[in-house]
Amino acid sequence: MRHLDHDHSGLTRRSFLSRSSLSLLSLAALRSYPAFAESSKGESVELETTYGRIRGLKVNGLSTFKGIPYGGSVSGANRFKAAARLQPWTGVRDALKSGPPSLQPGSRPSFGTSEGTPAEDCLYLNVWTPAADGRKRPVMFYSHGGGFTVGSGGAPYQDASNLARTWDVVVVATNHRLGLMGFLYLGELGGEEYATSGNQGLVDICDGLKWVHDNIGAFGGDPDNVMIFGESGGGAKTSCLYAMPKAGPYFNKASIESGPGIRMLPRDVAAETTLMVLKQLGLEKKEWRKLLEIPADKLLAVQVELGKQPGGPLTMSGGRKGIGGGGRPGGFGPVVDGSILPRHPFDPDAPAISKDKPLIVGYNRDETIFFFMESHNTDVFNLTEASLKERLQNEFGDHAEDVFSTYRKSRPEASPTDLYIAISSARMFGFGSITIAERKVAQEGAPVYAYIFTYESQRLVPGTQHKVGAAHAMEIAYKFDLIEPDSQGAGGDPQQTATRTMLDTGPDSVKTAHNMSQMWSTFARTGTPGAKGQPDWPAYDTSKRATMLINAECKVVDDPFALERSLWERLEP
């Protein structure tokens, strides 16, 4: 019997960690939308934080403050440690441009239109608010995607202008340490001084949450009503925060989107990765302190080199391991260190410290189309029944026939390609999301709400006749309410619309964005998601398994794909 922890499809592990959820959204096109315009025109807005006075910008009824420092230095002697204390400033500090994101692989220019160059010192955050008026609005605190190695809180595809303005919420996004800089585990070499080193990227996010608690009232937000949420790698970060004592006092509810972080790296795996880093640099264990002196770009090069190893650094087999779980040495992500992250986020059960905090968890129906598209794997879009069975045999061994027959029975009209997309999407994201929901229900505490994003883009995957569908990362622009109508309306030239953006811009697309952004902001406000004109969203339980299908016209389905769920329960008990 083949071990199901390993995926042979060619779309997981390294591909996930080395690629951010960006290209699907066609950033050049998104920057043309009004919501993304970085402008110096507007009314100056000043307010006082605990560290000093800042100046933001008010435009079209929205005040933005960007590039606000929330922690001190994390370079030099502070590398791999918790951030130094942030020093107050005198005068008024401009908060008009996003700060630099964390050091990360790749030669792409900045993610935003005016953010700094990626840097080791990267602890900055952005705030979007309808008004810095002292009111107590719900706060939505976002962790960006990109695995644990890439991404930025200033990326235009998660601009929160419309979300904040339309639904009267305050939105915050941080930059935080990533990859080797944020997750190199030195606890077994550096002792107590470096005991938290394997989780500094998470510690940074906790520092951002504490900054929100201490300061968000001045921005018109309620420090006692904070929702944490994130997509993909950001969903896995949110899973970790949900289980972290350090984060617990600073948030009240959470949403894990296309990133079911069930298990994270064990200490022995993280310690082995550290030895691999030293070997790449020609250092002995006793010379580990030289890591504090080596130029950051050289450390980044080592991270990239380790990521090229066969099999990749972290498994993405999903299921009851989830993103980050069951990893092999060579990758960087949160470490179950017994302190900052005292346990796996959702294994063997949901974390007791968040028992009373409501949760949303879900995924996109066609997740893996994104990964096939990113890797230019067009063969998968032309599968025959024979080639599908061959793939399943390679991946599932003795279980291949069970997988095929179950999915064929569940989806009798589906093409071989669509069956494979459904199988791989469930394996990577879907079943892990269900597992989190069921373990949360078992706590008998606060409710959990399950969803599947089903709105499908009609745009074709380049080089194929297959729709992009409801692919991974597609929902980001929807929950941030960033879908704006095509300037030519529904009757506009489809070719022009397709080349302008990977996202649909017709009436149904706009309505889907309205629904999802309202559901998420309502959850932030009340702990119960909902949107006007759409069905009530019931809490998930193990009798009905009610799940919201998010679309232009949403609907609730009890136990969708029940046969498939039962299959994964058999294969991954």
Side-chain angles (χ1 to χ4, degrees), residues 49-51 65-72 74 82-86 95 99 101-102 122-129 136-145 148 151-154 158 160 164 169-178 182-183 196 199-231 233-257 259 261 334 339-342 345 351 353-354 356-360 446 520 523-525 527:
T49 74
T50 52
Y51 295 100
F65 300 83
K66 297 186 176 183
I68 306 171
Y70 68 88
V74 290
R85 183 179 181 275
L86 181 62
S102 175
C122 61
L123 304 190
Y124 298 90
L125 55 78
N126 300 332
V127 180
W128 295 261
T129 180
K136 289 191 173 183
R137 297 174 177 84
V139 179
M140 302 179 70
F141 184 99
Y142 191 68
S143 291
H144 65 73
F148 301 111
S152 168
Q158 62 191 37
V169 295
V170 177
V171 186
V172 181
T174 67
N175 287 339
H176 41 269
R177 281 173 283 182
L178 300 169
F183 299 102
T196 65
N199 286 308
Q200 294 305 354
L202 295 178
V203 172
D204 293 344
I205 300 174
C206 290
D207 287 346
L209 282 167
K210 184 179 186 304
W211 183 95
V212 165
H213 183 269
D214 295 342
N215 290 280
I216 208 65
F219 295 79
D222 184 354
D224 297 317
N225 189 14
V226 177
M227 168 190 171
I228 57 173
F229 68 129
E231 181 270 347
K237 295 167 194 172
T238 302
S239 299
C240 292
L241 294 170
Y242 203 72
M244 289 173 59
K246 186 176 178 66
Y250 302 124
F251 73 93
N252 309 90
K253 53 189 77 74
S255 175
I256 299 168
E257 302 140 13
S339 168
I340 294 299
L341 188 59
I353 63 169
S354 291
D356 298 326
K357 297 179 179 182
L359 178 67
I360 292 175
W520 260 242
F523 180 70
R525 180 167 278 105

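Remark: Ala160 pairs with Trp128, Val171, Phe480 by the side-chain contact (heavy atoms from CB on, under 4.5 Å) rule, at least two apart or across chains. For Cys122, the side-chain contact (heavy atoms from CB on, under 4.5 Å) partners at least two apart in sequence or on another chain are Ser102, Arg177. With sequence neighbours left out, the side-chain contact (heavy atoms from CB on, under 4.5 Å) criterion links Pro342 to Pro245. Taking Thr174 as the reference, His176 meet the side chain to side chain donor-acceptor pair (under 3.5 Å) condition, with sequence neighbours excluded. Residues that satisfy the ring pair (Phe, Tyr, Trp, His ring centres under 6.0 Å) test with Phe183, not counting sequence neighbours, are Phe148. Applying the side chain to side chain donor-acceptor pair (under 3.5 Å) test to Asn225 and every residue at least two apart in sequence or in another chain returns Lys253. Looking at residues two or more places apart in sequence or on another chain, you find a side chain to side chain donor-acceptor pair (under 3.5 Å) between Thr196 and Gln200. Applying the side chain to side chain donor-acceptor pair (under 3.5 Å) criterion to Asn199, with sequence neighbours excluded, gives Asp337. Partners of Asp207 by salt bridge (Lys or Arg N to Asp or Glu O under 4.0 Å), not counting sequence neighbours: none found.
Summarising the geometry of Gly527 relative to Pro358, their closest heavy-atom pair is O-CB, 3.9 Å, with the distance given to 0.1 Å. Between Leu123 and Gly72, the shortest heavy-atom distance links the atoms CD1-O, 3.9 Å. Nearest heavy atoms, Leu86 versus Pro69: CD2-O, 3.4 Å. Minimum heavy-atom separation, Tyr124 to Gly67: CD2-O, 3.4 Å. The shortest non-hydrogen separation linking Ile256 to Gly235 is CG2-O, 3.6 Å.
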Exercise. Checking side-chain contact (heavy atoms from CB on, under 4.5 Å) for the pair His144/Leu178: CA distance, chi angles, key distance, verdict?
Worked result: CA-CA 11 Å; His144 65 73; Leu178 300 169; 4.0 Å; yes
For this session: Apply side-chain contact (heavy atoms from CB on, under 4.5 Å) to the pair Ile360 and Trp520, showing each step before the final yes or no.
Result: CA-CA 9 Å; Ile360 292 175; Trp520 260 242; 3.8 Å; yes
For this session: Check step by step if side-chain contact (heavy atoms from CB on, under 4.5 Å) holds for Asn126 and Lys66.
Result: CA-CA 4 Å; Asn126 300 332; Lys66 297 186 176 183; 3.4 Å; yes
Problem set entry | Derivation and outcome, side-chain contact (heavy atoms from CB on, under 4.5 Å), residues Leu241 and Cys206 | CA-CA 8 Å; Leu241 294 170; Cys206 290; 3.9 Å; yes
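Side-chain atoms of Asn175 come within 3.5 Å of backbone atoms of Gly153 as a donor-acceptor pair (strictly under, hydrogens ignored). Although no hydrogens or angles enter the test, the distance criterion places a donor-acceptor pair under 3.5 Å between the side chain of Asn252 and the main chain of Val226. In this structure, the side chain of Lys237 does not engage the main chain of Tyr142 through any donor-acceptor pair within 3.5 Å.
Applying side chain to side chain contact (heavy atoms under 4.5 Å, CB included) to Val203 and the options Leu341, Ile340, Val74 leaves one that passes, Ile340.
Atom OG1 of Thr238 and atom CZ of Phe141 lie 9.0 Å apart (nearest 0.5 Å). Atom CG in Leu209 sits 9.0 Å away from atom CE in Met244 (nearest 0.5 Å). With rounding to the nearest 0.5 Å, the separation of CG in Leu359 from OG in Ser239 is 8.0 Å.
Geometric assessment of Lys357 against the ring of Tyr242 yields a negative cation-pi assignment under the 6.0 Å and 45° thresholds.
Proximity of Tyr70 to Asp204: side-chain heavy atoms (C-beta onward) are separated by under 4.5 Å at one or more points. Met227 has its side chain within reach of Ser255: a pair of non-hydrogen atoms, C-beta onward, lies under 4.5 Å apart.
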Name each donor-acceptor pair under 3.5 Å that joins a side chain in residues 211-221 to protein atoms two or more places apart or in another chain, with its distance.
{"from": "Asp214", "atom 1": "OD2", "to": "Lys210", "atom 2": "NZ", "distance (Å)": "2.8"}
{"from": "Asn215", "atom 1": "OD1", "to": "Thr50", "atom 2": "N", "distance (Å)": "2.8"}
{"from": "Asn215", "atom 1": "OD1", "to": "Thr50", "atom 2": "OG1", "distance (Å)": "3.2"}
{"from": "Asn215", "atom 1": "ND2", "to": "Thr50", "atom 2": "OG1", "distance (Å)": "3.3"}
{"from": "Asn215", "atom 1": "ND2", "to": "Trp211", "atom 2": "O", "distance (Å)": "3.0"}

